Q: 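After the structure tokens below, expect a handful of questions from me.
Counting starts at 1 for both ligands and their atoms, in listed order. Computed from a predicted structure; not experimentally measured.
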Amino acid sequence: MMIPDKAPKENVFHSSDGLKKEAHISSFEKYKELYVKSIENPDEFWGDIAKDFFWKTKHTGQFLSYNFDVTKGEIFVKCMEGASTNICYNLLDHNIHEKKLGEKVAFFWEGNDPGDELTVTYRELLQKVCQFANVLKSQGVKKGDRVSIYMPMVVELVVAMLACIRIGAVHSIVFAGFSAESLCERILDSQCTLLITADGFYRGDKLINLKLLADEALQKCRDKGFPVEKCIMLKHLSKEPEEILGSQSPPAKRSCPDLQVPWNPDVDLCWHTLISGASDECEPEWCGSEDPLFILYTSGSTGKPKGVLHTVSGYMLYTATTFKLVFDHQPDDVYWCTADIGWITGHSYITYGPLANGATSVLFEGLPTYPDVSRMWEIVDKYHVTKFYTAPTAIRMLMKHGNEPVHKYKRESLKILGTVGEPINPEAWLWYYNVVGEQRCPIVDTFWQTETGGHVLTPLPAATPMKPGSATFPFFGVVPAILNESGEELEGPNEGYLVFKQPWPGVMRTVYRNHQRFETTYFKKFPGYYVTGDGCRRDKDGYYWITGRIDDMLNVSGHLLSTAEVESALVEHEAVSEAAVVSRPHPVKGESLYCFVTLIDGVSYNRELEGELKKQVREKIGAIATPDHIQNAPGLPKTRSGKIMRRVLRKIACGDKDLGDISTLADSSVVDQLFQNRCCAGV
Ligand code: PRX
């Protein structure tokens, strides 16, 4: 069995007795008992959970059917076949009518600037969603159509996504920090027929002219023969009362002089004008369990992002259950996840999981450092946040600023803290635990992926003794294993590839329009297992410790990037003939991008070119991919067959001369030269 019979007593952190009293899963024994049930009798385990939701028709047959073994045929996962439901109906109507939560706050929206705030109840959210769903219908959007969403963190982003779901359309949200090029690539791949965006927004004191980027993306789509005929724009910065009810004209710029809002009357539609006449009643479209729900792109090791596809019933049950149990949701909680909805964490743990539980959440548009580094704790006190979920990179960044900004606020309401997105180093864990949570709040270190839909390895706050830096044990229904290079399962304390042996309801179903890539990426290396791409260690107590990616991906500030994607952005510059990108450890971001570029003959390397290359990557991918270091590399270390030895480049990036065996190198003098040219020598 995956889990030890007894939890260890030494060198672990326990949650308080107070928390245990109210918790859904109050002890390790209870967790273990339910875990066994979830594996041995999934039909009953998930069947009980499903009773809490509304089903238009019930499922027939097994709860889950699947094939996880490529040698036995096509990979598939099906959950609750035969059932039909609508997630939007469950999140809103069902909570309002059956659970009487209409007047409960769904979101406290906190804008980028302090004082900019808004409260939305479940009933108000339903009205807005129905209105916008009717708008989408009136624009010809039908069940199964893909809609691209490129918006800042505003309530209307949630409205747009739920409106899609209500009518059975498939949303594809693109993080508003991505470039026009990235948006275009995603629109083309998912063949979206409509784009929803906003005029612009502030990130701290930086204005982002989002509509300008959206227009650029649509122009690129047109150039590639895929015209998107409709673009609905929300006036976020330029909203003015008389315009909300009126014209189709571009918004005034009075309130924000630098805002650029290009307007193409053939394509552009104004959110406010459309919604002003729309009915606030909209019958949901009943969807089959395995109908597509949304597509979300994640980096792929070939450089081309993968459209991860999730489907209706399994994702709904899984996000709802993980949210309820991992954050031990209670009716009077105020929950805050600081992620952006443009990433999976925001999908699952700002929109779907919390709303399915009738939770009250903070929806934050701004930055942890704006206007100052106390902002997070100010918001915690303002809304009496009880459960707080953020990324290790944010914790490390705040830790750098010391304890004083944290101590300025009381944080008495906090009960549970969470982290996600990358391994958390024990030092940051302890700071979070001691300083932010004042040793009162358990930390749930949740390991999961865009592909897994929800948490797969995670502590349960009142049941699992914590070890700083370990994501501890599997969630219900999840069966992890650690494999060696030959694909053999390793028992006991060991280290190797982290894989899962069977599906859970929330696992992705395919790569959109590329099932073969789905099979190759996740199932081919070790037939019979889902391969995460992460390395993992199991200690003597059975705890799992993620050791980081073991493919060509790197994790910068909790965001996955593929080295190939950055390399192809670099070589598109006319001065570059070859590029190799590796990861270099970074004290705040976890990892950073270190790029080696070989220039074409006759071009010399200088600061100006370096600036151009950084800009090139920013424009091709987005600011998150901006290289930290670029080094001129007249030659790259290659094997005789021409393969770049990245292992050697990683050592050079770190200034580590312990290179191991380099006898396969075609020309070892290249290495000395690269060491001499290091762009951050002495760092
Ligand atoms: O490498 C793991 C890391 O983030 C990857 C998934 O990235 P993404 O699909 O963008 O989703 C991020 C948010 C769920 C994983 O393969 N990762 C995520 N959570 C953790 C983690 N690494 C260690 N510990 C975690 N808690």
Q: Suppose we measure from atom 23 (C) of ligand 1 to each protein heavy atom; which comes out shortest, and what is that distance?
A: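 For atom 23 (C) of ligand 1, the nearest protein heavy atom is Pro423 N, 3.1 Å.
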Q: Side chain, backbone, both or neither: which part of Asp534 comes within less than 4.0 Å of ligand 1 when only heavy atoms are counted?
A: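 Answer for Asp534: side chain.
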Q: Indicate yes or no: does Glu591 engage Arg549 in a salt bridge with an N to O separation below 4.0 Å.
A: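 Between Arg549 and Glu591 there is no salt bridge, as every charged N stays at least 4.0 Å from the carboxylate O atoms.
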Q: For ligand 1, which atoms sit closer than 4.0 Å to a heavy atom of Val420?
A: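 Under 4.0 Å from Val420, ligand 1 has these atoms: 13 (C), 14 (C).
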Q: Show which atoms of ligand 1 fall inside a sub-4.0 Å distance from at least one heavy-atom site of Asn555.
A: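 Here the atoms of ligand 1 in question are 3 (C), 4 (O).
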Q: Only one of Tyr389, Tyr352, Tyr335, Phe475 passes ring-ring contact (aromatic ring centres under 6.0 Å, His included) with Phe323; say which it is.
A: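 Only one of Tyr389, Tyr352, Tyr335, Phe475 forms a ring-ring contact (aromatic ring centres under 6.0 Å, His included) with Phe323, namely Tyr335.
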Q: Can you list the atoms of ligand 1 that are under 4.0 Å from a heavy atom of Ile546?
A: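 Reading through ligand 1 atom by atom, the close ones are 22 (N), 23 (C).
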Q: Should the proximity of Ala471 to ligand 1, defined as any heavy atom under 4.0 Å, be assigned to the side chain, the backbone, both, or neither?
A: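 Neither; nothing of Ala471 gets under 4.0 Å from ligand 1.
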Q: When you look for heavy atoms under 4.0 Å from ligand 1, do you find them on the side chain of Glu422, its backbone, both, or neither?
A: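 Answer for Glu422: backbone.
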Q: Using the ring centroid of each side chain, check whether Tyr512 and Tyr297 are separated by less than 6.0 Å.
A: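 No, ring centres 6.0 Å or more apart.
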Q: Do Thr419 and ligand 1 have an N or O pair less than 3.5 Å apart?
A: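 Between Thr419 and ligand 1, no N or O pair is found under 3.5 Å apart.
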Q: Taking all heavy atoms of Leu157 and all of Pro152, pick out the closest pair and write down the distance.
A: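 Taking Leu157 first and Pro152 second, the nearest heavy atoms are CD2-O, 3.5 Å.
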Q: With heavy atoms only and a cut-off of under 4.0 Å, state how Met553 meets ligand 1: side chain, backbone, both or neither.
A: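 Neither part.
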Q: Short N/O distance, under 3.5 Å, between Thr446 and ligand 1?
A: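 Yes, at least one N or O pair falls under 3.5 Å.
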Q: How many angstroms lie between CG in Asp541 and OG1 in Thr472, if you round to the nearest 0.5 Å?
A: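 Interatomic distance, Asp541 CG to Thr472 OG1, rounded to 0.5 Å: 11.5 Å.
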Q: Decide whether a cation-pi geometry holds between Lys78 and Phe76; the criteria are a distance under 6.0 Å from NZ or CZ to the six-membered ring centre and an angle within 45° of the ring axis.
A: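 Checked: cation-pi criterion met.
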Q: Using modelled atom types and a 3.5 Å cut-off, is there a donor and acceptor pairing between side-chain atoms of Arg411 and backbone atoms of Val435?
A: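 The answer is yes, because a donor-acceptor pair under 3.5 Å joins these two groups.
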Q: I want to confirm something. Looking only at heavy atoms, which of Phe447, Trp448, Trp343, Trp545 is nearest to atom 6 (C) of ligand 1?
A: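 It is Trp448 whose heavy atom sits nearest to atom 6 (C) of ligand 1.
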Q: Counting each atom of ligand 1 from 1 as listed, which ones have a heavy atom of Thr345 under 4.0 Å away?
A: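 This gives 13 (C), 14 (C) as the contact atoms.
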Q: Between Tyr543 and Lys467, is there a cation-pi geometry (under 6.0 Å to ring centre, at most 45° from the normal)?
A: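 Yes, Lys467 sits over the ring of Tyr543.
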Q: Less than 4.0 Å is my threshold; does some heavy atom of Gly421 fall inside it relative to ligand 1?
A: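 Gly421 counts as a contact of ligand 1 under the 4.0 Å cut-off.
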Q: Report yes if some N/O of Gln449 lies less than 3.5 Å from some N/O of ligand 1; otherwise report no.
A: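 Yes - when backbone and side-chain N and O of Gln449 are compared with those of ligand 1, one distance drops under 3.5 Å.
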Q: Quick one: does any side-chain atom of Ser27 pair with a main-chain N or O of Ala463 as donor and acceptor, under 3.5 Å?
A: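 Such a contact is absent between Ser27 side chain and Ala463 backbone.
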Q: Considering only heavy atoms of Thr450, which atoms of ligand 1 have at least one such atom less than 4.0 Å away?
A: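 Answer for ligand 1: 8 (P), 9 (O), 10 (O), 11 (O).
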Q: For the backbone of Lys306 and the side chain of Thr298, can you confirm whether one donor and one acceptor N or O come within less than 3.5 Å of each other?
A: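 The answer is no, because no donor-acceptor pair under 3.5 Å joins these two groups.
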